[in-house]
Undergrad: 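This is the structure I have questions about; it appears just below.
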Amino acid sequence: MAQVIDGKAFAAKVRGQVAAEVARLRAEHGIVPGLAVVLVGADPASQVYVGSKGKATVEVGMNSYEHKLPADTSEADLLALIGRLNRDPKVNGILVQLPLPAHLDSDLVINAIDPAKDVDGFHISNVGLLGTGQKSMVPCTPLGCLMLLRDHLGPLAGLSAVVVGRSNIVGKPMAQLLLGDSCTVTIAHSKTKDLPAVCRQADILVAAVGRPEMVKGDWIRPGATVIDVGINRIERDGKTRLVGDVDYDSAARVAGAITPVPGGVGPMTIACLLANTLTATARAHNLPEPKGLTA
Ligand code: NDP
């Protein structure tokens, strides 16, 4: 049976490392990192995410600034708030919770954030910096996957990696990060021919699709490392359950190691948001960046 990659335990370790660095920044430099989270509207899932991000921020000793705006907020008002946060020296990271209401242009809003404070790594400058192998802010979920892979496998150079999914949030940056670590990378998507055969080439298989239990055990090369990014709610046996994009039971019989859902990639996303806020703070003050928390 595959080894279980415990993302919850690793995320706790990352958060502990961030908390220790925050304490050191405060003691030695009088600096307290600050993360501003902007939520427009009252989408219940977004409210839960924003709540847990704020709580996690405070738990590691950072300041959390929550800005909750009504659903009918105008683009001009939202851009004005982002402008104020960009200029505020107490704010080191800015996150605008997506999705935004339909009348707001997400690209315009995200690209209004100062790239140095763009802790989600979605600003076009950060996308370009990552794509050209330069220092950037890296999107949290793929950064978390990379940390888990490095921790489990050591150096990744030369390994064959298949990323299923090509979204701007997960698939594409994941592929860039694996390429940055010298993997041989294939990106698969909904038009890929014979996806099972493509997946069987992978030493590292990352599934970021949004289709419950799509990747089966016989798609996996024996001994491969499987990272399941998917979070899908399904009804089974009269209960709502959370499952990934990988069929865990069949995959765990073939893979060398696998992340569970829940308790795999999910907890790493918030841990990496905190890590990115710390990195942004260190850069803003020309201090050395904490080790092991960036790509
Ligand atoms: P998107 O819907 O933006 O992208 C899904 C990708 O999967 C697309 O590139 C799509 O291809 C591809 N795809 C869809 N169906 C198939 C198929 N049958 N065969 C092959 N490829 C397919 O999703 P996200 O990237 O935002 O999220 C992916 C999953 O990860 C979701 O379950 C989401 O909930 C989860 N997630 C988890 C996070 C975490 O913290 N753990 C954070 C973010 C996301 P095409 O481009 O051709 O349409």
Side-chain angles (χ1 to χ4, degrees), residues 6-70 73 78 81-82 84-98 100 109-110 113-114 116-123 137-141 143-144 147-148 169 231 262-285 287-294:
D6 187 344
K8 204 170 159 196
F10 196 81
K13 205 171 121 188
V14 171
R15 284 152 76 139
Q17 197 184 338
V18 171
E21 274 297 315
V22 170
R24 200 185 58 79
L25 276 181
R26 187 194 291 257
E28 291 179 13
H29 302 279
I31 296 168
V32 182
L35 172 63
V37 178
V38 180
L39 173 64
V40 186
D43 175 64
S46 294
Q47 279 179 326
V48 172
Y49 292 142
V50 166
S52 30
K53 285 168 187 173
K55 189 166 162 271
T57 306
V58 172
E59 273 170 11
V60 293
M62 296 181 181
N63 287 327
S64 167
Y65 308 104
E66 282 185 23
H67 296 267
K68 295 188 174 169
L69 309 180
T73 298
L78 180 55
L81 170 63
I82 291 173
R84 285 197 297 280
L85 297 173
N86 283 343
R87 291 187 294 276
D88 186 342
K90 295 192 300 302
V91 173
N92 303 105
I94 303 170
L95 180 152
V96 176
Q97 184 66 41
L98 299 177
L100 286 171
V109 170
I110 297 302
I113 298 172
D114 177 348
K117 297 188 178 187
D118 167 39
V119 282
D120 254 344
F122 297 158
H123 189 289
M137 295 306 304
V138 177
C140 302
T141 300
L143 178 59
M147 285 184 188
L148 291 177
I169 292 173
I231 301 178
V265 174
M268 288 302 292
T269 299
I270 289 190
C272 287
L273 174 67
L274 304 172
N276 276 350
T277 305
L278 181 65
T279 299
T281 308
R283 288 180 186 168
H285 293 275
L287 292 167
E289 287 177 28
K291 290 206 168 54
L293 296 179
T294 47

Undergrad: Scan for salt bridge (Lys or Arg N to Asp or Glu O under 4.0 Å) pairs involving residues 15-24, sequence neighbours excluded, and state none if there are none.
TA: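 For residues 15-24: Arg15-Glu59, Glu21-Arg24, Arg24-Glu28.
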Undergrad: For residues Gly7 and Pro267, report the shortest heavy-atom separation together with the two atoms involved.
TA: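 For Gly7 versus Pro267, the nearest heavy atoms are O-CB, 4.1 Å.
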Undergrad: Begin with the C-alpha distance, continue with both residues' side-chain angles, and end with the deciding distance and a verdict on salt bridge (charged side-chain N to carboxylate O under 4.0 Å, His left out) for Glu66 and Lys68.
TA: CA-CA 6 Å; Glu66 282 185 23; Lys68 295 188 174 169; 3.5 Å; yes
Undergrad: Which atom names give the shortest non-hydrogen contact between Ala56 and Leu274, and what distance separates them?
TA: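 Closest heavy-atom pair between Ala56 and Leu274: O-CD1, 3.9 Å.
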Undergrad: Can you name the closest pair of heavy atoms from Gly121 and Pro139 and give their distance?
TA: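 Looking at all heavy atoms of both residues, the shortest contact is O-CG, 3.6 Å.
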Undergrad: OH of Tyr65: more than 12 outside heavy atoms within 6.0 angstrom?
TA: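 Yes, OH of Tyr65 has more than 12 neighbouring heavy atoms, counting only those of other groups under 6.0 Å.
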Undergrad: With Lys90, which residues qualify under salt bridge (charged side-chain N to carboxylate O under 4.0 Å, His left out), at least two apart?
TA: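 If we apply the salt bridge (charged side-chain N to carboxylate O under 4.0 Å, His left out) test to Lys90, skipping adjacent residues, the hits are Asp88.
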Undergrad: Which residues pass the salt bridge (charged side-chain N to carboxylate O under 4.0 Å, His left out) test with Asp6, not counting sequence neighbours?
TA: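 Partners of Asp6 under the salt bridge (charged side-chain N to carboxylate O under 4.0 Å, His left out) test: none.
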Undergrad: Looking at Gly93 and Val119, what are the two nearest heavy atoms and their distance?
TA: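 That would be CA-CG1, 3.8 Å.
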Undergrad: Within this structure, what is the CD1-CD1 distance for the pair Ile110 and Ile94, rounded to the nearest 0.5 Å?
TA: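 Rounded to the nearest 0.5 Å, the CD1-CD1 separation comes out at 10.0 Å.
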Undergrad: Can you give each donor-acceptor pair under 3.5 Å made by side-chain atoms of residues 34-45, sequence neighbours left out, with the distance rounded to 0.1 Å?
TA:
{"unit_1": "Asp43", "atom_1": "OD2", "unit_2": "Ser46", "atom_2": "N", "d": "3.0"}
{"unit_1": "Asp43", "atom_1": "OD2", "unit_2": "Ser46", "atom_2": "OG", "d": "2.9"}

Undergrad: Assess the residue pair Val48 and Val50 against the criterion (side-chain contact (heavy atoms from CB on, under 4.5 Å)); give the C-alpha distance rounded to whole Å, side-chain angles, the decisive distance to 0.1 Å, and a yes or no.
TA: CA-CA 6 Å; Val48 172; Val50 166; over 6 Å; no
Undergrad: How many angstroms lie between atom CG of Asp114 and atom NE2 of His123, to the nearest 0.5 angstrom?
TA: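 Between atom CG of Asp114 and atom NE2 of His123 there are 7.5 Å.
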Undergrad: Indicate yes or no: at least one non-hydrogen side-chain atom of Asn92 is less than 4.5 angstrom from one of Lys117.
TA: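 A side-chain contact is absent here, since even the closest heavy-atom pair is not under 4.5 Å.
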Undergrad: Below 4.5 Å, heavy atoms only, C-beta onward: do Asp120 and Met137 meet side chain to side chain?
TA: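 No, their side chains stay 4.5 Å or more apart.
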Undergrad: How far does CZ of Phe122 sit from CD1 of Ile169, to the nearest 0.5 angstrom?
TA: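 The distance works out to 4.5 Å.
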Undergrad: With no hydrogens and no angle check, do the side chains of Lys53 and Gln97 hold a donor and an acceptor under 3.5 Å apart?
TA: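 Short answer, yes.
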Undergrad: Please report the closest heavy-atom contact between Ala280 and Ala116, naming both atoms and the distance.
TA: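 Shortest heavy-atom contact: CB-O, 3.5 Å.
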Undergrad: Which pairs with one or both residues in residues 262-279 pass side-chain hydrogen bond (donor to acceptor under 3.5 Å, both in side chains), sequence neighbours excluded?
TA: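 Matches after skipping sequence neighbours: Thr141-Thr269.
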Undergrad: State the CE-CG distance between Met268 and Leu143, to the nearest 0.5 angstrom.
TA: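 Between atom CE of Met268 and atom CG of Leu143 there are 7.0 Å.
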Undergrad: Looking only at heavy atoms, which two atoms of Ala282 and Pro288 are closest? And how far apart?
TA: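 Smallest heavy-atom distance, with atoms named: CB-O, 3.7 Å.
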Undergrad: Return the set of residues passing side chain to side chain contact (heavy atoms under 4.5 Å, CB included) with Val32 (not counting sequence neighbours), or none when no residue passes.
TA: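 Testing Val32 for side chain to side chain contact (heavy atoms under 4.5 Å, CB included), a comparison that skips the adjacent residues, returns Arg26, Asn63.
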Undergrad: Here's a test for you: under side chain to side chain contact (heavy atoms under 4.5 Å, CB included), which of Val60, Ile270, Leu293 qualifies with Val14?
TA: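 Testing each of Val60, Ile270, Leu293 against Val14, the sole residue satisfying side chain to side chain contact (heavy atoms under 4.5 Å, CB included) is Leu293.
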Undergrad: Give, for atom CG of Leu278 and atom CG of Leu25, the distance between the pair rounded to the nearest 0.5 Å.
TA: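 Answer rounded to 0.5 Å: 6.0 Å.
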